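Working notes, structure below.
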Amino acid sequence: MKVQVRNVEDVAIIDCSGDVDLYSSPRLREALLGQIRGGAKSVLVNMGEVGYIDSSGIATLVEGLQLSRTTKTRFGLYSLRSNARSVLELARLHKVFNLFETEQEALEKIGSVQPFGGL
Amino acid sequence: MKVQVRNVEDVAIIDCSGDVDLYSSPRLREALLGQIRGGAKSVLVNMGEVGYIDSSGIATLVEGLQLSRTTKTRFGLYSLRSNARSVLELARLHKVFNLFETEQEALEKIGSVQPFGGL
Amino acid sequence: MRIDLTSEPRLLQILRGVVRCRALEAGVPEPEAERLALAVSEAAANVIRHTYGGREDARLALEIRTFPDRLEFVLEDWGPKVCLDQIRHRPLDDVRPGGLGTYFMNCFMDDCSYDPDFAEGNRLRMIKYRQREVAH
Amino acid sequence: MRIDLTSEPRLLQILRGVVRCRALEAGVPEPEAERLALAVSEAAANVIRHTYGGREDARLALEIRTFPDRLEFVLEDWGPKVCLDQIRHRPLDDVRPGGLGTYFMNCFMDDCSYDPDFAEGNRLRMIKYRQREVAH
Ligand SMILES: Nc1ncnc2c1ncn2[C@@H]1O[C@H](COP(=O)(O)OP(=O)(O)O)[C@@H](O)[C@H]1O
Ligand SMILES: Nc1ncnc2c1ncn2[C@@H]1O[C@H](COP(=O)(O)OP(=O)(O)O)[C@@H](O)[C@H]1O
């Protein structure tokens, strides 16, 4: 798995690629929690190149979601491939996350998403 | 591995994809020798989707070459990927086969290739 | 076929590759092969994390058996016996990190059970029945 | 890690997948991982064809060991002992079908040798030393 962070105006985008599993998810966790804690207004995870995500990867995303509610950071995922999407749906988490189809859509809409206050 | 035959005027093209190995090469062999024996003027193997070829796959191509010399069929390969090309080079067979970059080049040039008389 | 591995998380990817490949070879369609790989990987991840507590020098083994009506995935470890009543995924509406691995295993396999006769550790047998062609 | 297989040609693909994956995991660059997979696959194909004469119900096993300076691939079978003087690839300029498998093995591995202490069959050890970083 590769993780890279880039900034588009006040949005931090985490580009993630490969398999997100027990081995690799700690690196996603570090980047994700780091960006949220670092004070980014909005954080997006680009899932377009993630071909596989397991329960530990999902745990990492849930952790990001929880922290983002505490810090009132806007948080979303975009470009989920069918594997990742079906795993999220199975865990009934697809309505818990802000999901966008494309980077463009995510960038357009993330600013108007309600940042939650606490869990 | 998948093998399919199509005809472009008097050229039989064998589209091959996947791994050509001990398990799958008998199917390539059947298609290849079948087309040469069947009286096609020219036979081309499209290697564009072959990601892996082993010594048995190469043996099959050499068998096709030998038969094509006996039957005076024009025979060539095109769109080799780097793996397949480097294995052919290592076996010093890259000059023994008629190799073309693209289907277009292969179709343009195969007609003017010298069909050998015997081995 | 059987594959023996040390309990390193980085090797889970190899395990998945083997499951995927073997399932495709056995005629299982692509999306289902992927789900089987996920289920086996979750089971192995649990062995690494829970049975072995993250130790990377322990051993696990997967045996894949194909039958006309089903695929079996038998995962063995040589750690302390699992406590069956502790194996419980979290309720889906209690959204918190973790607690989904065994849920996915149960979603993607038709049966998961521990073999009581395997004295040296744990032997988890996961069964997936093949889809029958629908007659028409 | 170790993988046990029946001697079915269709399983060679799985063997290659494992070798490729393990080599990449161990930091071997992609094109070389592919070459190692080819070499191991050729060795296993020879076991299937020559040692077992095409029988599909016999067994072979591959063990992959990674060391700081090298990778080792140990392929075991339980067939009749190979006759070492019969293992010879064809001269490259004598163009005919076949006779290249052992040549590729020797091209892509740094050392291939049979273990004389393995009584039950054949144990072929293939070694590939890792490329050192060039100092500068
Ligand atoms: N192989 C195992 N050995 C011991 N306990 C296990 C094992 N697998 C699962 N468990 C127990 O079952 C619980 C639920 O597992 P799971 O659904 O995979 O979620 P998670 O591992 O994220 O907690 C674990 O927290 C653990 O207590
Ligand atoms: N595992 C083996 N057991 C017995 N004989 C073998 C084995 N591997 C190779 N050989 C012998 O070595 C020869 C050369 O092998 P190889 O270069 O792989 O070409 P091919 O298998 O196409 O003949 C074979 O023809 C066979 O006689």
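Reminder, nothing fancy here: chain letters follow the sequence lines and each chain counts from 1. What you see is a predicted model, and the numbers here were worked out from it, not measured in a lab.
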Seminar exercise, completed: Bottom line for C/Leu11: the part with an atom under 4.5 Å from chain D's heavy atoms is side chain
Seminar exercise, completed: In this structure, CG of D/Leu62 is separated from CE of D/Met126 (nearest 0.5 Å) by 6.5 Å
Exercise. Atom CZ in C/Phe73, atom CG in C/Leu36: separation rounded to 0.5 Å?
Worked result: 4.5 Å
Exercise. Taking atom CD1 of D/Ile87 and atom CG of D/Leu124, what is their separation to the nearest 0.5 Å?
Worked result: 8.0 Å
For this session: Write down the atom of D/Val28, the atom of D/Ala33, and the distance for their closest heavy-atom approach.
Result: CG1-N, 3.6 Å
Exercise. What distance do C/Leu5 atom CG and C/Leu12 atom CG have between them, rounded to the nearest 0.5 Å?
Worked result: 8.5 Å
Problem set entry | Heavy-atom pair with the smallest gap, counting every atom of C/Ala44 and C/Leu60 | CB-CD1, 3.8 Å
Donor-acceptor pairs under 3.5 Å, chain D versus chain C:
residue	atom	partner	partner atom	Å
D/Arg2	N	C/Asp4	O	2.9
D/Arg2	O	C/Asp4	N	2.7
D/Asp4	N	C/Arg2	O	2.7
D/Asp4	O	C/Arg2	N	3.0
D/Arg10	NE	C/Glu25	OE1	2.6
D/Arg10	NH2	C/Glu25	O	3.0
D/Arg10	NH2	C/Glu25	OE1	3.0
D/Glu25	O	C/Arg10	NH2	2.9
D/Glu25	OE1	C/Arg10	NE	2.6
D/Glu25	OE1	C/Arg10	NH2	3.0

For this session: Sort D/Leu24 into side chain, backbone, both or neither according to what part of it lies under 4.5 angstrom from a heavy atom of chain C.
Result: neither
Problem set entry | Spacing of CD1 belonging to C/Ile14 relative to CD1 belonging to D/Ile3, to within rounding of 0.5 Å | 9.5 Å
